[in-house]
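Read the structure below first, then the notes.
Just so we're on the same page: letters track the sequence lines, and every chain starts at 1.
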Amino acid sequence: MKADPAGVLTGVHYLDGDFACGEGAMAAGCRFVAGYPITPSTEVVERISRRFPLMGGTFIQMEDELGSMAAVVGASWTGTKSMTVTSGPGFSLMMENIGLAAMMETPCVVVNVQRGGPSTGLPTMVGQADMMQARWGSHGDYEVIALSPQSPQETFDLMINAFNLAEVYRVPVLVMMDECVGHMTEKVVIPPAEEIEIVPRTLTGQPPESYLPYKVDGKPVPEFARAGDGYRFHTTGLTHDERGYPVMSKECQEKCVSRLLDKVRRNVDNIVRLEEREVDGADVVVVAYGITARVARIGVELAKLQGAKVGFIRLITVWPFPDRRIRAVAEKVRAFVVPEINYGQMVLEVERCAAKAGADAVLVPHPGGGVHDPKRICEAILGAAK
Amino acid sequence: MSRTEIRITGFGGQGVVLSGFIIGRAVAVHAGKHATMMQSFGPEARGSACSATVAASDEEVLFPYIERPDIFVAMSADGYETYRDDLKEDGILIYERDLVHPVSKEGQRAFGVPSTRIAESLGRSIVQNIVMLGFFAAVTGIVPREAMRDAVRASVPAGTEELNLKAFDAGYAYFEQEYKGANPREEEETAAAAGPAAHA
């Protein structure tokens, strides 16, 4: 299905990452946003709240982030594409209802424009320290999808992917931006609506009498019925059967939870997107994401000038982690170098995948509040190549 | 154009961020090159020092921040004092003549414009930053004049285009009148001689 032209601001623009995020959401068909203002993400909802009336969208400034995420889950069950936008402290408050969205299989998008943490940390300055929280922040076993853009243009593009993935897998999709990308202004090309491919909400063809909200029939996700269309059913955060009713048994738990995991785990290759450069023949491969990927490429070039054979992998999809690809590359390289604006998060995943092949995973940490000096990344590459 | 780093400073309310936005837009959208604009997100309230930076290049800009600008635009004395030591040894200083009194530095070229007074003579002091942009465009030639005018037209509030383009042209003309023959793009030596001393 093509995008609704009402939400697509076709043209060549000069936009910051936050505005590009808002435009991407509207182009993707998002028509409900609930949020609570927080630096450095507020510009996203400023943009949306100004433009939503032109396309029949609804923005609600909620009382807090708990309410915001709850409203997003509820709105999605009306069939409306829904999202919320926040930064670290708000992301923490959303965790309970992100788990609820995962359990109820509610398509939705959560944007986190990451700033320095922990707690209220550095409101106006960059961080990438919420990456593990994105994966493990809510309790229990569940899977999410998370994406990480490196520029305003890619933020626009990935917002469309995010909403589409949310529909296909019926999961919360987390867009892990960072303050640097959010507040940087660059050229953003927004294509005509007919060039933007949208996955619409697919509604069940079953009649209300025989509809079961969590019956899958071998498909990865169940069929969806909107609230208000005459389907009377139950959905809950409790472990549930095909009818959506709570069933407190280990058999039902296994069936319910394993499907939440498998619908993502069995489709990792369909979900994961990477950008690779010169990985074949490399001794060392740099793995990076978000703003750090751009800075790391300078480090890679500096190391190449000194004769190092360096490859580069950019994680566009950060969750699910591209285990299979990293394991395969690990067989052929001496080490991975992982710069990130935290004290070691995604490097743990790289380390896990590299261990069997005996490749090293070298962290280049950064406390937040700025980006790496590319020279430090170069030094780490040269050190790892020895 | 190899990577060119630009810093613009002034006090909040002078249109510092919009100036950076228009330069970036002119380079990236209207001249078909690459430009990344960043703005300071400190606790700058209206009236205190404020700053925006642009990294412009023929190639993709990977590193978004700037360290030592090639071009430094100072619209207030405070901003000038805060950032003046960062300007490259052979950098270009562009300043508001009535508000900034620069200390001349060997190797650096300086070009002043009374942008506030020119804006006032056009009837609206608020277009001071656009006068400055016209002057900036003439001094640096970083993008063709029309690309910069297009960026101004596309970036100012609807209904104010004419006034803003008039302001832009006034700033551009000021350079041509005051610094004729001193265009740093064409005559390096003459330009160097017409440095800060010429305006002392």
Checklist entry - What residues form a salt bridge (charged side-chain N to carboxylate O under 4.0 Å, His left out) with A/E186, not counting sequence neighbours? => result A/R294
Checklist entry - For B/R149, which residues count as a salt bridge (charged side-chain N to carboxylate O under 4.0 Å, His left out) partner, sequence neighbours excluded? => result B/E146, B/D169
Checklist entry - Does some side-chain heavy atom of B/S155 sit less than 4.5 Å from a side-chain heavy atom of A/Y14? => result no
Checklist entry - Under the side chain to side chain contact (heavy atoms under 4.5 Å, CB included) criterion, do A/R297 and B/E60 qualify, and how do the steps go? => result CA-CA 11 Å; A/R297 271 177 61 199; B/E60 185 184 1; 3.3 Å; yes
Checklist entry - Within a reach of under 6.0 Å around CZ of A/F19, are more than 12 heavy atoms found that belong to other residues, nucleotides or ligands? => result yes
Item to check | Spacing of A/D16 atom CG and B/T36 atom OG1 [to the nearest 0.5 Å] | outcome: 12.0 Å
Run the side-chain donor-acceptor check on residues 119-135 of chain B: report pairs under 3.5 Å with partners two or more places apart or on a different chain.
unit_1, atom_1, unit_2, atom_2, d
B/S121, OG, B/I118, O, 2.6
B/Q128, OE1, B/S115, OG, 2.8
B/N129, ND2, B/G15, O, 3.2

Checklist entry - In terms of heavy-atom contacts, does CD of A/E278 have more than 12 from other residues, nucleotides or ligands at under 6.0 Å? => result no
Checklist entry - Counting only heavy atoms not in A/K375, do more than 12 sit closer than 6.0 Å to its NZ atom? => result no
Checklist entry - Within a reach of under 6.0 Å around NZ of A/K309, are more than 12 heavy atoms found that belong to other residues, nucleotides or ligands? => result no
Item to check | From CG (A/D373) to CD (B/E67), nearest 0.5 Å | outcome: 7.0 Å
Next on the checklist: Quick check for you: to the nearest 0.5 Å, what is the distance between A/H183 atom NE2 and B/Q39 atom CD?
Outcome noted: 7.0 Å
Checklist entry - Quick one: which residues of residues 20-31 of chain B reach chain A at under 4.5 angstrom, heavy atoms only? => result B/F21, B/G24, B/R25, B/A28, B/V29
